[in-house]
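As structure tokens, the structure follows; a few thoughts come after it.
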Amino acid sequence: MAMVVQHNAAAQLALGELNKNTTKVGKLLGKVSSGQKINSAQDDASGYVISERMREMIRTLNQDHQNVQNGSSLFKIAEGGINSIVEELRNLKELAINSANDTNTDVDRLTIQKAFDQKKANINDIATETNYNSMILLDGRFANSATTVIKGGQKTGSTGASTDNSLTSKFTPLPGTEFWQPYINATNNPVSPHWVSGGGYPVTKSFQGAGYGISQVYVEFPNYHITSSVANLLDGRGFSIACGTCSQYVAIKFDKSINVSDSQLGTGVNNEPEYTIGIKDVRSMKDLPKAIFEGVGTARSESIGPNDTVTIDNSGHQITMYRDARNGKYVIQKNVNPLQFYGEVYGSMPMPALPSEDEEPDQVILGVRAPLVIHHGPHANQATNFFINDMHTKSLGTKELIKGNLPTNDSDLARFDALGYDEDLKEAWMETLSLAQNKNLDDVDVITKKNANVAIRVIDGAIEYALNEATRIGSYLQRLDHTGSNLVVMNENVQAAESAIRDADMAKEMTEYTKFNVLSQSAQAMLAQANQNSSAVLSLLQ
């Protein structure tokens with residue numbers, strides 16, 4: 001080897017090895033200190049991406065498990081409320097059986113009736129007050145879409161709710177606002193929204209404040225006669241708000257192809273204002289008043305905040321709409337002359353027969369399906385729907401008990417057959433079934449022996465209804481328990497898979513660290529030795 005001073009190949013070689021060993025020691029030090037063999041994409045690009053996805057899955061599964069636990073807590077509260085209602089139903093049956101006994105006088109039965117009423121009131125209190133995170137659970141808001149027929153609804157009349165299929169029948173006056181019979185009809189006021197079939201007015205309502213002052217009406221659309229999506233049902237339909245003394249009106253028309261934020265103000269028949277309210281994102285009739293309020297405000301570029309008022313018509317009629325902060329309801333107000341509403345919405349929906357003058361109508365409610373959704377998966381819509389039916393006294397009772405002169409229920413039929421030895425008892429049993437058919441707890445009393453027997457059968461139906469609810473909720477809890485257990489197992493397995501990719505084998509990494517640390521020190525020593533070799537040239541210069 002030539003002796004030179006310009007280049008020191010041995011030192012360069014030792015320096016290169018030292019740099020490589022130092023870099024390796026640094027990486028190994030990071031792995032040992034973090035416990036992970038992949039600290040960045042530089043360490044293992046594909047492994048880094050896979051493990052990051054698994055980390056996202058782990059956090060998602062943790063939240064899913066929390067969702068399931070919260071859902072279980074909710075249903076346990078609902079189950080407790082239903083169990084309390086079942087206990088009250090047992091108390092009601094005891095009272096009814098007591099009243100059915102002829103050792104009681106009429107005065108005694110009136111006393112029993114007072115206790116009977118209090119027990120029913122307690123059931124309604126439980127149904128109203130049982131809640132989770134301020135969500136009332138047993139009032140039917142989370143019921144399925146099954147039809148509920150409530151016997152003995154409010155009578156129709158000048159101040160009552162209508163049983164027809166018109167949207168306008170759902171407007172109700174604020175306290176202190178009188179209800180007036182219609183001023184406008186198809187005969188004396190020919191204006192008509194062009195989308196109303198036949199140009200008629202199925203229902204017309206007028207509200208007027210005392211002394212021709214302010215007229216105010218609540219805009220409330222409960223889940224009434226809805227068997228399909230709200231958007232499909234209301235598309236192209238609407239109602240009109242008219243002046244009670246002239247032919248001018250403002251039309252409200254619904255369009256399912258646009259959202260509320262795209263609502264528009266245009267010109268309708270006879271150049272009258274016509275609002276097109278987008279209902280593409282409206283899921284419930286209960287949300288419709290808010291959509292109208294926001295749609296009108298959007299169309300007019302007016303503020304739609306919690307305390308704001310939007311202008312429906314300012315061409316001399318001063319019709320506005322606002323949200324009542326006291327109860328959250330939306331109000332349409334007119335400062336002068338009556339408010340007039342008309343227009344068909346529900347179309348050809350089948351309707352129950354109207355009651356006679358001395359009958360109270362049945363109130364038919366077909367609620368929009370509004371289930372509870374428990375999300376328990378890492379992907380969108382990976383959830384399960386649950387429902388809890390209404391547990392108020394209006395929903396607790398019997399359904400059809402007699403059909404074709406025979407009981408429809410197996411237990412009733414068995415009782416009917418068992419009474420074959422005594423025709424009088426059989427006839428009395430059938431009479432009780434007939435009187436108890438399609439009744440709820442609100443329909444029964446125990447002030448007579450006959451009524452008490454009917455009440456017993458209705459309470460039997462109520463208990464069966466309540467126990468069915470309790471059974472289904474119990475099955476929900478079992479399902480959520482299994483779902484939670486599965487999520488735990490999935491989480492454990494994903495963590496194990498992520499660990500196999502990402503975590504460092506500490507024994508291996510420490511062995512490697514020790515190896516390269518020794519090599520690094522050796523390279524340092526050799527670099528020092530190589531640097532000393534150049535000094536040998538000085539001996540030639542002496």
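- The shortest non-hydrogen separation linking L89 to I123 is CD2-CD1, 3.7 Å.
- Looking only at side-chain heavy atoms (C-beta outward), D139 and T128 stay at 4.5 Å or farther from each other.
- The shortest distance between side-chain heavy atoms of K20 and E17 falls below 4.5 Å.
- Here D481 pairs with S72 under the side-chain contact (heavy atoms from CB on, under 4.5 Å) rule; sequence neighbours left out.
- Evaluation of the salt bridge (Lys or Arg N to Asp or Glu O under 4.0 Å) rule for R59 yields no partner, not counting sequence neighbours.
- Checked options I292, I304, T320; the residue passing with V310 is I304 (criterion: side-chain contact (heavy atoms from CB on, under 4.5 Å)).
- When all heavy atoms of A299 and Q264 are compared, the closest pair comes out as CB-C, 3.6 Å.
- Residues satisfying the salt bridge (Lys or Arg N to Asp or Glu O under 4.0 Å) criterion with K119, sequence neighbours excluded, are E88.
- Evaluation of the side chain to side chain donor-acceptor pair (under 3.5 Å) rule for T398 yields no partner, not counting sequence neighbours.
- Distance check: Q69 CD to H376 NE2 gives 14.5 Å after rounding to the nearest 0.5 Å.
- In this view, K329 and Y218, E220, N327 satisfy the side-chain contact (heavy atoms from CB on, under 4.5 Å) rule, not counting sequence neighbours.
- Atom CD1 of I388 sits about 4.5 Å away from atom CD1 of I473, to the nearest 0.5 Å.
- The two residues N131 and L137 come nearest to each other via the heavy atoms CA-CG, 4.1 Å.
- K515 is linked by a side chain to side chain donor-acceptor pair (under 3.5 Å) to nothing, counting only residues two or more places apart in sequence or in another chain.
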D235 and D255: side-chain contact (heavy atoms from CB on, under 4.5 Å), yes or no, with the steps? CA-CA 5 Å; D235 185 45; D255 189 337; 3.8 Å; yes
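- For R53, the CZ atom is loosely surrounded, since the number of other residues' heavy atoms within 6.0 Å does not exceed 12.
- Side-chain contact between I319 and K334 is present, with at least one heavy-atom pair separated by less than 4.5 Å.
- When the ring pair (Phe, Tyr, Trp, His ring centres under 6.0 Å) test is applied to Y465, no partner is found at least two apart in sequence or on another chain.
- The list of ring-ring contact (aromatic ring centres under 6.0 Å, His included) pairs with a residue in residues 279-306, not counting sequence neighbours, reads F293-Y330.
- Under the 3.5 Å distance criterion, the side-chain polar atoms of T276 are left unmatched by any main-chain donor or acceptor of K253.
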Residue pair E52, Y48: steps toward the side-chain contact (heavy atoms from CB on, under 4.5 Å) verdict: CA-CA 6 Å; E52 285 297 315; Y48 176 81; 3.8 Å; yes
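- Using a distance-only test at 3.5 Å, with no hydrogens or angles considered, no donor-acceptor pair links the side chain of N133 to the main chain of M135.
- No side-chain heavy atom of I312 sits under 4.5 Å from any side-chain heavy atom of R300.
- Annotation: side-chain contact (heavy atoms from CB on, under 4.5 Å) contacts of K76 (sequence neighbours excluded): L477.
- Listed here is the closest heavy atom pair of S51 and I501: CB-CG2, 4.1 Å.
- Taking the ring pair (Phe, Tyr, Trp, His ring centres under 6.0 Å) definition, one finds that Y275 meets it with nothing, sequence neighbours left out.
- Panel note: side chain T130, backbone A127; no donor-acceptor pair is recorded below 3.5 Å.
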Please set out all donor-acceptor pairs under 3.5 angstrom arising from side-chain atoms of residues 60-67, sequence neighbours excluded.
residue, atom, partner, partner atom, Å
T60, OG1, E56, O, 2.8
T60, OG1, E56, OE2, 3.1
N62, OD1, N491, ND2, 2.4
N62, ND2, I58, O, 3.3
Q63, NE2, N67, OD1, 3.0
D64, OD1, G377, N, 3.3
D64, OD2, G377, N, 3.4
Q66, NE2, N70, OD1, 3.0
N67, ND2, H375, O, 3.1

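- With hydrogens and angles ignored, the 3.5 Å screen pairs no side-chain donor or acceptor of S303 with any backbone N or O of D308.
- Rounded to the nearest 0.5 Å, atoms CG (N389) and CZ (R141) are 14.5 Å apart.
- Residue T393 holds its OG1 atom at 9.5 Å from CD1 of I85, rounded to the nearest 0.5 Å.
- One distance of note links CD of E469 with CG of N83; it measures 12.0 Å at 0.5 Å rounding.
- Counting only heavy atoms from C-beta outward, the side chains of V458 and N440 never approach each other to under 4.5 Å.
- Applying the side-chain contact (heavy atoms from CB on, under 4.5 Å) test to D281 and every residue at least two apart in sequence or in another chain returns N259, V260.
- Between the CD1 atom in I136 and the CZ atom in F142 there is a gap of 9.5 Å [rounded to 0.5 Å].
- Side-chain contact between R472 and N468 is absent, with no heavy atoms from C-beta onward closer than 4.5 Å.
- Looking at N486, its side chain never comes within 3.5 Å of a backbone N or O of H482 through a donor-acceptor pair.
- For T483 (side chain) and R479 (main-chain N/O), a donor-acceptor pair under 3.5 Å exists by modelled atom type.
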